[in-house]
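Here is the naming used below: chain letters follow the sequence lines, and residue numbers restart at 1 for every chain. Just so we're clear, the structure is a prediction, and the values are computed from it rather than from any experiment. Only this structure's heavy atoms are used, side chains among them; waters, hydrogens and symmetry mates stay out.
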Number of protein chains: 2
Amino acid sequence: MSVADERRTDTRAQIRQVALELFAEQGYDKTSLREIAERLGITKAAVYYHFKTKEEILTSLFNEFFAGLDELVAWARARPRTAETRADVLRRYQDLLAGPTGAQLIRFMQEGQAALKDLPAGSEMKERFARLATVLVPEDGTAEQHFRFRLAFIALHLGAFSTDIPADSPEERRAAALNVALDLAR
Amino acid sequence: MSVADERRTDTRAQIRQVALELFAEQGYDKTSLREIAERLGITKAAVYYHFKTKEEILTSLFNEFFAGLDELVAWARARPRTAETRADVLRRYQDLLAGPTGAQLIRFMQEGQAALKDLPAGSEMKERFARLATVLVPEDGTAEQHFRFRLAFIALHLGAFSTDIPADSPEERRAAALNVALDLAR
DNA sequence: GTCTATAATACGATAGAC
DNA sequence: GTCTATCGTATTATAGAC
């Protein structure tokens with residue numbers, strides 16, 4: 001199978017990939033279907049053959065992440081609400097972010113919350129995090145504990161993509177982020 | 001001076017106020033000048049009399065906040081790089097957020113970073129925070145310390161507007177946020 | 001200082017040929 | 001599966017009357 005043949009068959013996958021890149025870089029609203037199409041050397045109409053709407057591209061990207069996140073929630077539920085579980089969840093969540101699309105998707109989510117606000121994908125993501133919080137924060141958790149937990153996840157997010165935090169390598173940045181997250185969820 | 005007379009003279013101020021509300025609620029891009037005008041019972045063209053461009057409204061809002069932030073940076077610079085200074089800076093920063101426009105502006109900034117990315121106001125804000133970091137983080141600061149410092153500010157931001165963190169009152173929420181921030185910058 | 005009217009442009013989405 | 005062409009709608013911004 002030649003390179004050209006391969007390219008021909010997975011236009012849909014390429015659209016997803018390019019869209020994710022652009023969404024992460026410049027946000028959902030600012031990324032037009034024309035721009036996505038141009039990067040692939042096709043037309044807007046061709047994109048519409050593979051996805052019924054622009055939002056469907058987004059949904060398709062989020063669903064992949066949701067699958068991993070749901071697994072994590074289920075895993076957490078089956079465990080005691082201890083400090084050790086919290087630490088394990090954070091470690092596993094960071095592994096999830098290290099996946100192929102994780103970092104870009106989460107950057108897009110972290111920096112473009114406003115754009116996601118009215119979209120189903122946005123509410124679904126929020127729901128998942130709320131579920132995680134319910135499982136992990138003590139029943140009578142104080143506001144402070146909720147803050148700490150929420151910030152722990154933000155720490156991991158920043159560790160996954162934030163370039164303007166000085167670190168010698170991406171690995172060191174992720175390690176530092178995990179340390180802070182673990183301390184917050186302590 | 002009647003209420004009607006007062007209203008007549010400060011249309012510019014009203015535009016700023018309504019724009020800030022809408023920017024915070026739904027983001028910069030999604031807020032149109034038509035929407036701003038409609039809320040005030042005037043037309044789009046009338047808005048253009050008071051502001052040359054949409055971006056100028058944004059700039060005008062940010063400049064107010066920058067003034068307070070610059071004061072804080074100057075104050076911090078004149079102090080020793082100690083844990084006590086860091087704590088004082090966080091406390092003063094929270095006071096800044098408690099100002100009339102602070103919380104809305106910061107919500108808009110925190111949730112709509114993607115929209116601000118290519119705007120001068122966005123880079124200026126980033127610059128200010130970088131300056132604050134330079135003053136407060138030790139010269140040989142580790143990546144972990146940078147994370148902690150950055151998260152301390154995010155904690156205060158969430159404390160200023162985030163409604164989905166359970167707390168009995170806004171005051172309690174802010175107090176909890178400050179506690180976490182102080183712990184992070186310890 | 002506010003209006004009506006409109007220019008110029010971009011967007012998401014569709015129709016129909018090939 | 002991809003194309004050209006287009007529809008309908010929104011946007012920022014401007015011109016000129018009042």
Among the nucleotides [options], which one has an atom lying closest to any side-chain atom of [X]?
X: Ala45(A); options: dT14(D), dC3(D), dA13(C); value: dC3(D)
X: Tyr48(B); options: dT12(D), dC3(D), dA13(C); value: dT12(D)
X: His50(B); options: dT12(D), dC3(C), dT2(C); value: dT2(C)
X: Lys54(A); options: dA13(D), dG12(C), dT2(C); value: dG12(C)
X: Ala46(A); options: dT2(C), dT2(D), dT12(D); value: dT2(D)
X: Leu33(A); options: dT11(D), dG12(C), dA13(D); value: dG12(C)

Between [N] ([atom2]) and [X] ([atom1]): distance, integer Å:
X: Lys52(A); N: dA15(C); atom1: NZ; atom2: P; result: 13 Å
X: Glu56(B); N: dA13(D); atom1: CD; atom2: C1'; result: 13 Å
X: Glu38(A); N: dT4(D); atom1: CD; atom2: C1'; result: 15 Å
X: Leu58(A); N: dG12(C); atom1: CG; atom2: P; result: 13 Å
X: Asp29(A); N: dA10(D); atom1: CG; atom2: C1'; result: 13 Å
X: Ile42(A); N: dT4(D); atom1: CD1; atom2: C1'; result: 15 Å
X: Leu40(A); N: dG1(D); atom1: CG; atom2: P; result: 15 Å
X: Lys44(B); N: dT11(D); atom1: NZ; atom2: C1'; result: 7 Å

[X] side chain N/O closer than 4.0 Å to the phosphate oxygens (OP1, OP2) of [N]?
X: Thr11(B); N: dG1(C); result: no
X: Arg34(B); N: dA10(D); result: no
X: Tyr49(B); N: dT2(C); result: no
X: Thr43(B); N: dT2(C); result: no

With a 3.5 Å distance limit and no angle check, can you tell me whether Lys54(A) reaches the backbone of Tyr28(A) through a side-chain donor-acceptor pair?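 Answer holds: yes.
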
Phe153(B) side chain reached by Leu90(B) side chain, heavy atoms, under 4.5 Å: yes

Please tell me whether Ser162(A) and Asp164(A) have a donor and an acceptor in their side chains that are separated by less than 3.5 angstrom.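 Result is yes, a qualifying pair exists.
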
Val18(B) and side-chain contact (heavy atoms from CB on, under 4.5 Å): which single residue from Thr31(B), Ile36(B), Val47(B) fits?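 When Thr31(B), Ile36(B), Val47(B) are each tested with Val18(B), the side-chain contact (heavy atoms from CB on, under 4.5 Å) holds only for Ile36(B).
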
Of Gly41(A) and Thr31(B), the one whose closest DNA chain D nucleotide lies more 5':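 Final value for this comparison: Gly41(A).
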
Indicate yes or no: does Arg81(A) engage Glu139(A) in a salt bridge with an N to O separation below 4.0 Å. yes

